[in-house]
Amino acid sequence: MLTLRIRHRTTYLYHAPVRLGPHRLMLRPRESRELRLVSHEVTVTPAATVTWAHDVFGNAVATAGFEGLTDRLVVDSEAVLTLGVDPWPVFDIAAVATRYPFAYTDADWTDLGALVVPQYLDPDRRLLAWAKGFVRSDPTDTLSLLKDISSGVAQQIRYQSRESEGTQAPLETLARGLGSCRDLAVLFVEAARCLRFGARLCSGYLFRPDRATGNYEADSTHAWAEVYVPGAGWITFDPTNRSVGGANLIPVAVAREIWQVTPVSGDFIGASDAYRGLWVDLEVTPL
């Protein structure tokens, strides 16, 4: 079991005072059998009225409402949690789903809904053809197929850290051969959906055990994917780090599209050139 502290600060600065609209905060880690939340606190400056709810995916979402004018917005989130995930998981896939292609039950198909439907246009079916390239035989081993797609993303797309907002479309990522973790996750999810898998995107944090050696990049938010396989349930795939299973991953939110899991989002009323910039500071440390 790992005990971790996560400190996540988001700072927006403005050249002149602005009026902040409501802001949506997705910062509370998702509790599960593997993740137990010991404590979590969100502090907002300037002072805000904060209310909590759960969205359609069961994510904890806070809404911060503001009064008056300000030249900055600072959102501090601090969580302490325990994480216990098997680094070498064994997935108990149902016998009917061990070989691909397989059919979801009518109930699963209905409940998965849009999570089976690709969300990006592919008029020439180029992404479908790319995904089918990983199907080695008919039928083929389901888990091996999904691992091959994840490995294929990692092999063909070079990771590139990108702080700017937005996500590349899957075909753009394939064409460029470069992408951030969210670009790689979106490409994997869309490829899985092209093959009629139910898949969703996941956003959260990555714990880097190699931090003790000093051989690691600065902590940052992270994105990966989950695929629903009968019997095993939601299986985690992180193409950026070429991993399967949730070891060292701290999920905060899951959703159909990547924009739905943005940690902090909102708007303001002010001069068109009032926005100065965004800074994110993050630390994931063992206790």
Side-chain angles (χ1 to χ4, degrees), residues 6-28 41-57 59-78 114 119-121 157 159-187 189-190 201-205 217-223 252-283:
I6 302 170
R7 289 173 171 159
H8 183 180
R9 167 174 285 190
T10 305
T11 303
Y12 293 88
L13 295 181
Y14 306 91
H15 292 292
V18 300
R19 186 176 301 277
L20 298 172
H23 275 61
R24 185 172 182 264
L25 315 178
M26 302 187 78
L27 298 165
R28 182 183 176 91
E41 183 176 5
V42 173
T43 305
V44 181
T45 306
T49 300
V50 179
T51 57
W52 288 88
H54 286 87
D55 67 8
V56 68
F57 298 101
N59 304 310
V61 181
T63 301
F66 303 89
E67 294 183 2
L69 302 175
T70 183
D71 63 357
R72 69 185 57 219
L73 168 62
V74 181
V75 180
D76 280 303
S77 171
E78 180 169 324
Q119 302 295 301
Y120 291 81
L121 293 176
I157 310 301
Y159 172 75
Q160 181 185 59
S161 178
R162 190 177 75 250
E163 296 301 328
S164 59
E165 296 182 359
T167 303
Q168 296 173 174
L171 290 177
E172 180 184 358
T173 300
L174 282 176
R176 293 189 65 214
L178 294 171
S180 67
C181 62
R182 58 186 183 272
D183 300 323
L184 273 64
V186 167
L187 173 57
V189 164
E190 285 292 286
L201 290 146
C202 191
S203 178
Y205 308 106
E217 299 177 357
D219 289 324
S220 62
T221 55
H222 191 51
V252 170
V254 298
R256 172 175 47 87
E257 293 200 64
I258 195 68
W259 62 266
Q260 295 174 302
V261 294
T262 303
V264 179
S265 57
D267 56 16
F268 69 89
I269 299 173
S272 59
D273 60 350
Y275 180 68
R276 180 177 167 189
L278 162 67
W279 288 264
V280 178
D281 299 297
L282 176 63
E283 290 183 348

From [X] [atom1] over to [Y] [atom2], what is the distance, rounded to the nearest 0.5 angstrom?
X	Y	atom1	atom2	value
Tyr205	Ile6	OH	CD1	6.0 Å
Glu67	Leu20	CD	CG	12.0 Å
Cys181	Ile157	SG	CD1	14.0 Å
His222	Leu282	NE2	CG	12.0 Å

With sequence neighbours excluded, residues passing side chain to side chain donor-acceptor pair (under 3.5 Å) with Asp76
Arg9

Can you check side chain to side chain contact (heavy atoms under 4.5 Å, CB included) on Arg72 and Arg276, steps first, answer last?
CA-CA 9 Å; Arg72 69 185 57 219; Arg276 180 177 167 189; 5.7 Å; no

Any side-chain heavy-atom pair of [X] and [Y] under 4.5 Å:
X	Y	answer
Tyr14	Leu69	no
Val74	Val44	no
Leu174	Leu187	yes
Leu171	Tyr120	no
Thr221	His8	yes
Pro22	Thr63	yes
Tyr275	Tyr12	yes
Val50	Val42	no

Report the C-alpha distance between Val61 and Leu25 in whole Å, list the side-chain angles of each, state the deciding distance to 0.1 Å, and finish with yes or no for side chain to side chain contact (heavy atoms under 4.5 Å, CB included).
CA-CA 6 Å; Val61 181; Leu25 315 178; over 6 Å; no

When you measure from the side chain of Thr262 to the backbone of Trp259, do you find a donor-acceptor pair of N or O atoms at a distance under 3.5 Å?
yes

Please answer whether the main-chain N or O of Val254 pairs with a side-chain N or O of Asn59 as donor and acceptor at a distance below 3.5 Å.
yes

Those residues at least two apart in sequence (or on a different chain) that pass salt bridge (charged side-chain N to carboxylate O under 4.0 Å, His left out) with Arg24 are Asp55

Apply the side-chain hydrogen bond (donor to acceptor under 3.5 Å, both in side chains) test between Thr173 and each candidate in Glu190, Arg182, Gln168; give the one that qualifies.
Gln168

Search all heavy atoms of [X] against all heavy atoms of [Y] and return the closest pair with its distance.
X	Y	result
Leu201	Val186	CD2-N, 3.7 Å
Ala114	Gln119	O-NE2, 3.4 Å
Arg28	Trp52	CB-CZ3, 4.1 Å

By side chain to side chain contact (heavy atoms under 4.5 Å, CB included), which residues pair with Ala274, not counting sequence neighbours?
Val18, Phe268, Ala271

Test side chain to side chain contact (heavy atoms under 4.5 Å, CB included) applied to Asp71 and Leu13, step by step
CA-CA 6 Å; Asp71 63 357; Leu13 295 181; over 6 Å; no

Ring center gap for His23 and Phe66 short of 6.0 angstrom:
yes

Intermediate values then yes/no, side chain to side chain contact (heavy atoms under 4.5 Å, CB included), Leu278 and Thr10:
CA-CA 7 Å; Leu278 162 67; Thr10 305; 3.5 Å; yes

